[in-house]
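A short write-up of the structure that comes next.
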Amino acid sequence: MDSKKVHIKSFGCQMNKLDTALVSTSLEQAGFSITENVKDADVVLINTCSVREHAEQRVISHIGHLKHIKESKPDMIVGIIGCMAQRLGDKLLEHKTVNIVCGPAQIPQIAALITQAQEQKKNELAVTEHIRKAVEENENQALEDFESAYSNEDERNPAQAFVRIMRGCNNFCTYCIVPYVRGPEVSRPPETILEQIRKLADNGVKQVTLLGQTVNSYQYKKDSKVWSLADLLLAVNDINGIEWIKFVTNYPAEEYFEDIMHAMADSPKVCKYLHMPAQSGSDRILKAMNRKYTAAGYLELLDKARSIVPGIAIAGDFIVGFPDETEEDFQDTVKLVQKAQYRNAFIFKYSPRPGTTSEKRLEDTIPDEVKQRRNVELLSVQEKISEELSKEYSGKEVKILVEGLSKKPHLNSSEGGNNPQLIGRTETDYIVVFNGPVSLAGKYAWVKITKSSPLTLFGELI
Ligand code: SAH
Ligand code: SF4
Ligand code: F3S
């Protein structure tokens with residue numbers, strides 16, 4: 001059989017993108033080749049997200065698009081992988097275009113599923129039957145082997161890699177589908193994580209981002225020691241070649257919080273950046289969301305973070321229009337955003353997810369126009385804060401990890417001679433646009449900031 005070409009498209013979060021990278025390298029090692037062009041592909045994989053209805057709709061319309069391509073290429077195999085595959089299972093096979101449905105826990109089988117679908121000309125379904133049952137040891141081991149065997153550098157920026165430190169989630173925030181598609185929380189053994197990072201560093205990776213739905217609840221008992229995220233950060237800090245360590249996402253919880261902040265303050269490589277979603281500023285809504293903190297408790301954690309790590313940049317997530325969210329609840333959220341002084345906040349309109357507690361028990365009472373208005377209002381409050389905070393960078397010299405060519409070269413008006421426009425990121429996760437030689441991609445550089453917008457800094461290479 002000649003080498004089959006596979007095209008993979010990712011529709012989800014960083015966890016989802018990491019899975020895409022693992023699947024790509026595993027398929028290459030199994031003799032497939034990866035193509036950027038759908039029309040060239042013998043196999044098309046879509047890695048999907050279920051977190052909001054909109055994310056799923058995009059996938060369904062993409063399946064419609066593939067249907068047209070398949071009319072002229074009837075042998076093309078289409079596989080749906082990831083969270084939506086786990087949520088909808090065989091229902092996805094009702095789309096005639098789809099040949100393979102493979103959940104997040106089954107991705108180690110992907111090469112075999114493709115080969116079987118091609119050779120036996122039948123549909124393949126591989127998902128977890130009881131997603132909340134404790135993960136079976138053999139399945140856990142298969143995921144561990146898969147995770148550590150394949151390379152997971154970011155394709156666009158080979159100096160950076162994602163490393164999962166835990167799978168699943170046990171929090172059951174009432175709106176959230178993640179626990180039902182990613183299964184129970186499991187922390188990976190520290191020695192495996194550290195070995196993987198050493199290997200990445202040997203391959204030239206300089207920045208690792210540790211991933212988990214709630215990274216700060218990482219906990220692994222080994223001999224008589226219980227490893228926390230703080231211990232892991234300190235250990236990664238000692239790995240030669242790694243220069244920057246980031247971690248996302250944090251759940252606002254007291255446990256380990258100070259230790260983690262001290263690890264950040266004491267380890268020069270740990271980036272001073274904390275992504276810790278609040279979701280709402282109303283205690284009533286937080287309770288209905290099953291988030292286990294109050295607005296005041298959340299703000300105390302931010303104060304603690306800022307006193308232990310001066311200069312820390314903080315980002316958050318919010319959901320507007322949760323069932324029964326009154327104008328007063330919403331104004332409490334606005335107040336929290338004003339107090340929190342985030343460098344950036346991600347704001348989402350509540351989307352009821354089938355099977356979650358809020359979807360089953362609470363009616364989606366807030367009309368879309370109201371969700372939309374609250375979304376816009378909160379964004380504009382945050383934008384002013386972001387603008388003020390980013391202005392503080394003007395005239396400063398900052399270290400960045402250069403990612404490569406800018407996709408939007410019109411963003412910068414500064415004269416760059418013959419050098420093209422590049423982008424990089426600060427440790428506080430600002431995008432920095434500047435002119436410089438392409439050979440800087442994947443390297444650290446210093447840039448003097450000359451101009452700022454709420455989320456982007458512009459400058460000149462020093
Ligand atoms: N594990 C992470 C977040 C995972 S989902 C955490 O706990 O912080 C990413 C974000 O999507 C969440 O922070 C939340 O703001 C948003 N989100 C999750 N479910 C949603 C839903 N049903 N409707 C709208 N936004 C949602
Ligand atoms: Fe979802 Fe809550 Fe778990 Fe985050 S912590 S993944 S929002 S259930
Ligand atoms: Fe990520 Fe979406 Fe799944 S946010 S974990 S891809 S439901």
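Counting starts at 1 for both ligands and their atoms, in listed order. Computed from a predicted model, the values in this text were never measured in an experiment.
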Exercise. Y350 heavy atoms, cut-off 4.0 Å: which ligand 1 atoms fall inside?
Worked result: 23 (N), 24 (C)

For this session: Classify the contact between F348 and ligand 1 as side chain, backbone, both or neither, using a heavy-atom distance cut-off of under 4.0 Å.
Result: side chain

For this session: Please write down residue, atom name and distance for the protein heavy atom closest to atom 23 (N) of ligand 1.
Result: S351 N, 3.0 Å

Exercise. Side chain, backbone, both or neither: which part of T214 comes within less than 4.0 Å of ligand 2 when only heavy atoms are counted?
Worked result: side chain

Exercise. So which heavy atom in the protein is nearest atom 15 (O) of ligand 1, and how far is it from that ligand atom?
Worked result: Q279 OE1, 2.7 Å

Exercise. Considering only heavy atoms, which of C173, P252, C169, G212 lies nearest to atom 2 (Fe) of ligand 2?
Worked result: C173

For this session: Would you mind listing which atoms of ligand 1 come within a distance below 4.0 Å of any non-hydrogen atom of R52?
Result: 11 (O), 16 (C), 17 (N), 23 (N), 24 (C), 25 (N), 26 (C)

Seminar exercise, completed: One checks atom 3 (Fe) of ligand 3 and counts protein N, O or S atoms under 2.8 Å, reaching 1

Problem set entry | Numbered atoms and elements of ligand 1 in range of P277, under 4.0 angstrom, heavy atoms | 8 (O)

Problem set entry | Under-4.0 Å heavy-atom contact with ligand 1, by part of V51 that carries it | both

Exercise. Looking only at heavy atoms, is any part of F172 under 4.0 Å from ligand 2, and if so is it the side chain, the backbone, or both, or is it neither?
Worked result: backbone

Seminar exercise, completed: atom 3 (C) of ligand 1: of Q213, E53, H54, the nearest heavy atom sits on Q213

Exercise. Cation over ring, R52 on F348, under 6.0 Å and within 45°?
Worked result: yes

Exercise. Mind checking whether R182 has a heavy atom under 4.0 Å from ligand 2?
Worked result: no

Problem set entry | Enumerated ligand 2 atoms positioned under 4.0 Å from heavy atoms of C176 | 1 (Fe), 6 (S), 7 (S), 8 (S)

For this session: Give the numbers and elements of all ligand 1 atoms closer than 4.0 Å to a heavy atom of R353.
Result: 22 (N)

Problem set entry | Residue-ligand contact Q213/ligand 3, heavy atom below 4.0 Å | yes

Exercise. Taking distance alone, with no angle check, do N250 and ligand 1 share an N/O pair under 3.5 Å?
Worked result: no

For this session: Using a strict cut-off of 4.0 Å, indicate which atoms of ligand 1 neighbour a heavy atom of R291.
Result: 7 (O)

